[in-house]
Amino acid sequence: MRQVRQVRQVRQVRQVRQVRQVRQVRQDRKGGATMVIEPVTELGSGGALRLPRARVLSPSAPPATYTAAVERYLTGAGIAKSSARIYRISLTTWGWMVAGQPAPTGRARRGAKPPAVPISVIDGLGLPEVLAELAAGRADEMGADTVNRELSIARRAIGWWQRQGWITCDPTIGIERRPAPPDRTKALAESQIAALWHLDVALREKTLWKMLYESAARADEVLCLNVEDLYPQDKRGKITAKGGATEWIHWQSGTAQLLPRLIAGRIHGPLFLTGRKAPAGTATLDVCEETSRARLSYRRAEEIFEESTRLLANPLAQPEDIKDLEGWTLHRLRHSALTHDAENGTSTPMLLARSRHASVRSLER
């Protein structure tokens, strides 16, 4: 009988070893403490099975400021590099509101940094009421999609900070998501597109807008184009699409006539450049070796297009009211191109190929 018991115990040890060959680390979701479970390596005294032991480690020390907590979250919560920029912008916006101030918008936002406040202010008793008021004011200025995205990101970060034991409260608990009404006017009329081509803007903007409309490509894809990606004789270029796939976009004669003037003999580097030299620290891939200028960013391209189209978007407004108006977004050029193709009888398979959508439902958005 003793030999049978020993055999059973050895089998138990082997089974546990197979399951726990390495140390298992669990994150306590409530307090942020780390539980380390030691593996079973041997029998205890008298041939008894030694059970694994658990040791609870104290949570990490909280950061001194809200800004430092944001950086700890972005590097420690597994945020993808492709999403980190949007997360940082959204959390910086909340940084102003956590400090009791409205977040700046438009040009005032560029380079602005929120006041330094300790992370502990999030647990302040009066903060939920302050945030609710500031969030309501921001919702009146920005679109529902923007404020809802910022709210979702803030709540993910707050939840992560709570699990680290740095804070205990969620001051956004009383803020509701804004309903986003469907926009059924995304497509511009052909007359509006025609008026767009008559605007007095720089060659760079003319070329970018023409290419976006004629190719129906996404703005971020086109802005990532390099000169060496172009095949002007075929009126096409190679872009990196969603998911990292390399795909073709095609344009028409309008873009073909403008490209040679924009390229101006360059053979390498970003196609669309800023008007000034690249600041120190700019990635090499985003700098033109011949001119030392940087790649045009999506944010700046969107700003220019929105400001340039304010009077077109509000035909009854007066020029002196332009600061209070809203223009169009770059995405509307893509949506308009596909809508006009459909109205002109282009088949659904051709529209899917041109848009590079995988489903008809995505095409309808």
**Message:** Test of understanding: clusters of I, L, V, M, F, W, Y form through side-chain heavy atoms closer than 4.5 Å, transitively. Do Val227 and Leu273 belong to the same one?
**Reply:** no
**Asked** In Å and rounded to the nearest 0.5 Å, what is the CG to CD1 distance from Leu131 to Ile173?
**Response** 12.5 Å
**Asked** Are Trp248 and Leu230 connected in the hydrophobic side-chain network, where two residues link if heavy atoms are under 4.5 Å apart?
**Response** no
**Between Arg156 and Tyr87: side-chain donor-acceptor atoms closer than 3.5 Å** = yes
**Request:** Measure from NZ or CZ of Lys210 to the centre of the six-membered ring of Trp251, then state whether that distance is under 6.0 Å and the direction lies within 45° of the axis.
**Result:** no
**Asked** Taking atom CD1 of Ile153 and atom CD1 of Ile158, what is their separation to the nearest 0.5 Å?
**Response** 12.0 Å
**Asked** Judged by atom type as modelled, is there a donor-acceptor pair below 3.5 Å linking the side chain of His198 to the main-chain atoms of Ala194?
**Response** yes
**Item:** Heavy-atom side-chain contact between Asp170 and Trp161 under 4.5 Å
**Value:** no
**Request:** Would you check if the side chain of Glu150 reaches a backbone N or O of Ser90 as a donor-acceptor pair within less than 3.5 Å?
**Result:** no
**Single-linkage hydrophobic cluster, 4.5 Å side-chain cutoff, Ile89 and Met142 together** = no
**Message:** Is it true that Thr172 and Arg155 share a donor-acceptor pair across their side chains at a distance under 3.5 Å?
**Reply:** yes
**Asked** Considering all heavy atoms of both residues, which atom of Gln192 and which atom of Trp328 are nearest to each other, and what is their separation?
**Response** NE2-CZ2, 3.5 Å
**Request:** Measure the acute angle between the ring planes of Trp166 and Trp160, then classify it against the limits of 30° and 60° as parallel, tilted or perpendicular.
**Result:** perpendicular
**Prompt:** Is the number of heavy atoms from other residues, nucleotides or ligands under 6.0 Å of Glu247 CD greater than 12?
**Reply:** yes
**Request:** Please check if the side chain of Thr282 supplies one atom and the backbone of Ala278 the other of a donor-acceptor pair under 3.5 Å.
**Result:** no
**Fill in**
Between Asp123 and Cys169 the two heavy atoms that sit nearest each other are OD1-N, 2.9 Å
**Request:** Kindly compute the distance separating OH (Tyr66) from CD (Glu71), expressed to the nearest 0.5 Å.
**Result:** 10.5 Å
**Request:** Please lay out, stage by stage, how Glu214 and Lys235 fare under the test salt bridge (Lys or Arg N to Asp or Glu O under 4.0 Å).
**Result:** CA-CA 11 Å; Glu214 292 185 349; Lys235 297 180 183 176; over 6 Å; no
**Prompt:** Ser215 side chain to Ile249 main-chain N or O, any donor-acceptor pair under 3.5 Å?
**Reply:** no
**Asked** Same cluster for Trp94 and Leu74 if Ile/Leu/Val/Met/Phe/Trp/Tyr side chains link at under 4.5 Å?
**Response** yes
**Item:** Any Phe305 side-chain heavy atom under 4.5 Å of Leu333 side chain
**Value:** yes
**For the student: nearest non-hydrogen atoms of Leu134 and Gly100, plus distance** = CD1-C, 3.8 Å
**Request:** Flag the pair Arg300 and Glu303 as a salt bridge only when some basic side-chain nitrogen lies within less than 4.0 angstrom of an acidic carboxylate oxygen.
**Result:** yes
**Request:** Using atom types as modelled and distance alone, determine if a side-chain donor or acceptor of Ser292 lies under 3.5 Å from a backbone N or O of Cys288.
**Result:** no
**Message:** Quick check: do Ser347 and Met350 have side-chain heavy atoms less than 4.5 Å from each other?
**Reply:** yes
**Item:** Check: Leu259 and Met211 side chains under 4.5 Å, non-hydrogen atoms
**Value:** yes
**Item:** Verdict with reasoning, Val130 to Met97, per side-chain contact (heavy atoms from CB on, under 4.5 Å)
**Value:** CA-CA 8 Å; Val130 172; Met97 295 193 286; over 6 Å; no
**Request:** May I ask you to check whether over 12 heavy atoms, not counting those of Glu320, lie within 6.0 Å of atom CD?
**Result:** yes
**Side chains of Thr240 and Glu221 in contact at under 4.5 Å (non-hydrogen atoms)** = no
**Asked** Taking atom CG of Asn344 and atom CG of Asp341, what is their separation to the nearest 0.5 Å?
**Response** 7.0 Å
**Message:** I want to check something: taking the side chain as every heavy atom from C-beta on, are Trp96 and Pro104 in contact at a cut-off of under 4.5 Å?
**Reply:** yes
**Asked** Can you tell me if CD on Glu133 sees more than 12 non-hydrogen neighbours from other groups inside 6.0 Å?
**Response** no
**Fill in**
Note: Pro270 and Leu285 closest approach over all heavy atoms is CG-O, 3.9 Å
**Prompt:** Is the closest side-chain heavy-atom distance between Glu306 and Leu330 below 4.5 Å?
**Reply:** no
**Message:** Does Gln101 have more than 12 heavy atoms from other residues, nucleotides or ligands lying within 6.0 Å of its CD?
**Reply:** yes
**Message:** Between Thr67 and Thr92, is the side-chain contact (heavy atoms from CB on, under 4.5 Å) condition met? List the steps.
**Reply:** CA-CA 8 Å; Thr67 302; Thr92 299; over 6 Å; no
**Asked** Around Glu326, counting heavy atoms of other residues, nucleotides and ligands shown, do more than 12 lie under 6.0 Å from its CD?
**Response** no
**Asked** Does the cation-pi check pass for Arg236 over Tyr231, that is, NZ or CZ under 6.0 Å from the six-membered ring centre and within 45° of its axis?
**Response** yes
**Tyr298-Val287 co-clustered via ILVMFWY side chain contacts under 4.5 Å** = no
**Backbone N/O of Ala342 and side chain of Thr346: donor-acceptor pair under 3.5 Å** = no
**Request:** For Tyr73 and Ile79, indicate whether the former's side chain and the latter's backbone hold a donor-acceptor pair under 3.5 Å.
**Result:** no
**Message:** Between Arg138 and Val147 (side chain of the first, backbone of the second, donor and acceptor by atom type, cut-off under 3.5 Å), is there such a pair?
**Reply:** no
**Prompt:** Ignoring hydrogens and geometry, is there a side-chain-to-backbone donor-acceptor pair from Asn314 to Leu325 under 3.5 Å?
**Reply:** no
**Asked** Taking the side chain from Arg293 and the backbone from Thr274, do they hold a donor-acceptor pair closer than 3.5 Å?
**Response** yes
**Item:** Distance-minimising heavy-atom pair for Ile119 and Pro63
**Value:** CG2-O, 3.3 Å
**Asked** Are there more than 12 heavy atoms of other residues, nucleotides or ligands under 6.0 Å from atom CZ of Arg299?
**Response** yes
**Message:** For a quick check under 3.5 Å, do Thr207 and Arg261 share a side-chain donor-acceptor pair by atom type?
**Reply:** no
**Request:** Let me see the working for Leu199 and Leu312 under side-chain contact (heavy atoms from CB on, under 4.5 Å), right down to the final yes or no.
**Result:** CA-CA 10 Å; Leu199 288 180; Leu312 292 182; 3.8 Å; yes
**Message:** What I'd like to find out is whether the side chain of Arg218 reaches to under 4.5 Å of the side chain of Arg334, using heavy atoms alone.
**Reply:** yes
**Message:** Show, in sequence, the C-alpha distance, side-chain angles and deciding distance for Ile239 and Asp229, and conclude whether the side-chain contact (heavy atoms from CB on, under 4.5 Å) test is met.
**Reply:** CA-CA 7 Å; Ile239 56 96; Asp229 297 328; over 6 Å; no
**Fill in**
d(Thr291 OG1, Arg266 CZ) to nearest 0.5 Å is 6.0 Å
**Complete:** So CD of Gln162 and CD1 of Ile122: to nearest 0.5 Å the spacing works out to 9.0 Å
**Closest contact, heavy atoms only, Gly269 versus Glu228** = N-OE1, 3.1 Å
